[in-house]
Number of protein chains: 2
Amino acid sequence: MKVRNNISNSGQVQVPTPTLRRLPGYLSYFKALKIGGVEQVSSGQIASVFKMDSTLVTKDLSYTGVKGRTKVGYNVEQLIETIVRFLDFNTRENAFLFGVGNLGRALINYQGLQHYGLNIVAGFDTDPGVINTQIRGVKIHALDDFRDLSIKTPARIGIITTPDGSAQEVADLAVAWGIKAIWNFTPQSIKVPENIIVENTSIYSDLAVILNKLNH
Amino acid sequence: MKVRNNISNSGQVQVPTPTLRRLPGYLSYFKALKIGGVEQVSSGQIASVFKMDSTLVTKDLSYTGVKGRTKVGYNVEQLIETIVRFLDFNTRENAFLFGVGNLGRALINYQGLQHYGLNIVAGFDTDPGVINTQIRGVKIHALDDFRDLSIKTPARIGIITTPDGSAQEVADLAVAWGIKAIWNFTPQSIKVPENIIVENTSIYSDLAVILNKLNH
DNA sequence: AATAAGATGTGAAATATATAACAACATAAT
DNA sequence: ATTATGTTGTTATATATTTCACATCTTATT
Ligand SMILES: NC(=O)c1ccc[n+]([C@@H]2O[C@H](COP(=O)([O-])OP(=O)(O)OC[C@H]3O[C@@H](n4cnc5c(N)ncnc54)[C@H](O)[C@@H]3O)[C@@H](O)[C@H]2O)c1
Ligand SMILES: NC(=O)c1ccc[n+]([C@@H]2O[C@H](COP(=O)([O-])OP(=O)(O)OC[C@H]3O[C@@H](n4cnc5c(N)ncnc54)[C@H](O)[C@@H]3O)[C@@H](O)[C@H]2O)c1
């Protein structure tokens, strides 16, 4: 009896995941405000931009420890600094990227990531036509080169953008090399040891939500 | 007083959003099972793959109307058909894509979307070097060409993959052309009329979750 | 100076989501 | 046939998240 898996919620999460997921959106808005020369912003303004309740905004912001002033609002500069620090977007976290195809290439080219704490230090691919090329200073390697690289520039994050079918084998490899967190862009679900972090980015989930809203 | 916005949750949502977001993941797994020749699968198996509670799996699946058989499990073929129909992944929904750069090009090249209900019928860009080229049969147009196109192949979905700064102006344009839903890949939050659907796909949210798990 | 008004911040209530408990049932083994 | 076992599906409970209510504070106005 009682066959059902009971995944214990080990790590006691202090900040709600929904909050964590909303914070980068606020941050991007605050950066735009700063560029526009705006120095103060109220929770009501923020709420109207994101179409949500303003108390939720204040709750979200309170987790980061930022303090607003009554009648004045929050200081934009301070918001940016606090959130960036809170989300660890100020640390340069090294990452390896596996599968330098359409999406992988786009991610390496994407300079935005560097301003959000992620530093792709190397790409890996099986295609001889891609190996030993460079994209924005990031060198693409054969899978065998890992040993040298993980010594020179160790990375804790592995980004998987290979074809669906290769996701599991690449994940196994990455884990064997000491990768601690896998960012999986394939729709394939992958199995990893207990202590390895996996985050799946599935655009199909977003698509499902869009189609549902459109049709119902 | 009572300045706080109270966004009424109009459309009475029958299926929880978390469920909606999990279903494509299941679907992808079931498709892999089918390829592997597996005909039946139990909620326990599914749960262990996705590291979740099996009752949640059955709850999620029950929303789609699919029926499992005691002691046997669910029929894989039937699961696929039911979920595809439930998520409207069987309908070909036309979409315009704005901003044929790194990410936009990847999305057009990505054939996966076609199997998930989305049909990108045209791209738009401002770069003369890109205009009038073709990617996988999808023609890239100047922004002015919209009138002809929206008559020939009307689209309800607009995908925005322009630089951050152009997101709002492109959104305004798209709405003016009759786009009903905007799929925004920029981190920029955009303002649209009440009746327009906006779905933001932010990889920064995923990144925030990863960094949080890694560091805390 | 006193008062009014607008905004934050916090604890309580409401809602949404996930987990647990259990009944019903199909299959396999005895 | 009968019993044991594994699995679905539903109802109840627990947890997580959001919304509400209100006290508190800051600035502007008279
Ligand atoms: N293209 C998109 O816009 C997009 C969007 C969302 C998700 N995805 C997913 O991302 C993944 C990649 O998509 P894509 O369009 O970039 O595919 P792609 O075919 O363009 O690129 C895949 C790359 O991986 C390489 N590769 C193959 N096997 C490998 C291995 N074992 N180790 C390392 N590299 C290997 C290939 O040589 C190729 O360069 C797919 O799973 C897809 O479902 C793509
Ligand atoms: N590259 C990625 O992997 C990635 C990942 C996540 C999010 N994003 C976001 O996607 C967006 C695009 O990123 P990218 O790397 O593809 O940028 P990019 O610069 O490679 O592409 C942008 C394209 O948009 C075109 N464009 C500019 N103004 C336009 C306008 N007004 N109308 C139509 N087209 C216009 C440009 O000519 C260019 O072709 C950015 O907001 C970025 O933050 C990118």
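Lettering of chains follows the sequences in order, A, B, ..., and the numbering in each one begins at 1.
Salt bridge K34(B)/E39(B): absent, no basic N to carboxylate O contact under 4.0 Å.
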**Working for salt bridge (Lys or Arg N to Asp or Glu O under 4.0 Å), residues D172(A) and K191(A)** = CA-CA 8 Å; D172(A) 292 342; K191(A) 269 201 197 104; over 6 Å; no

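Put simply, CG on L79(B) is 14 Å from C1' on dT7(D), counting in whole angstrom units. Atom CG of D53(A) is separated from atom P of dA13(C) by 18 Å (rounded to the nearest Å). Distance CD1 (I46(B)) to P (dG6(D)): 18 Å, rounded to an integer number of Å.
Of the listed nucleotides (dT27(C), dT17(D), dT8(D)), dT8(D) has the atom at the smallest distance from the side chain of S43(B). Looking at the side chain of L56(A), the nearest of the listed nucleotides dT17(D), dT18(D), dT19(C) is dT18(D). You'll find that the side chain of Y74(B) is closest to dG9(D), out of dA24(C), dG9(C), dG9(D). Set against dA20(C), dC25(C), dA7(C), the side chain of T70(B) has dC25(C) as its closest nucleotide. In this structure, of dA21(C), dA18(C), dG9(C), it is dG9(C) that holds the atom nearest to the side chain of T58(A).
Among the atoms of the strands shown, only primed sugar atoms or phosphate atoms (P, OP1, OP2) are found under 4.0 Å from some heavy atom of S42(B).
Looking at which nucleotide of DNA chain D each of V72(A) and D60(A) is closest to, the 5′-most match is held by D60(A). Comparing R69(A) and T19(A), the nucleotide of DNA chain D nearest to each residue sits closer to the 5' end for T19(A).
Under 3.5 Å, the side chain of K71(A) and the base of dT24(D) form no donor-acceptor pair of N or O atoms. The base of dT19(D) lies close enough to the side chain of K59(A) for a donor and an acceptor atom to sit less than 3.5 Å apart.
Geometric assessment of K31(B) against the ring of Y116(B) yields a positive cation-pi assignment under the 6.0 Å and 45° thresholds.
Ring centers of F146(A) and F124(A): at least 6.0 Å apart, outside the cut-off.
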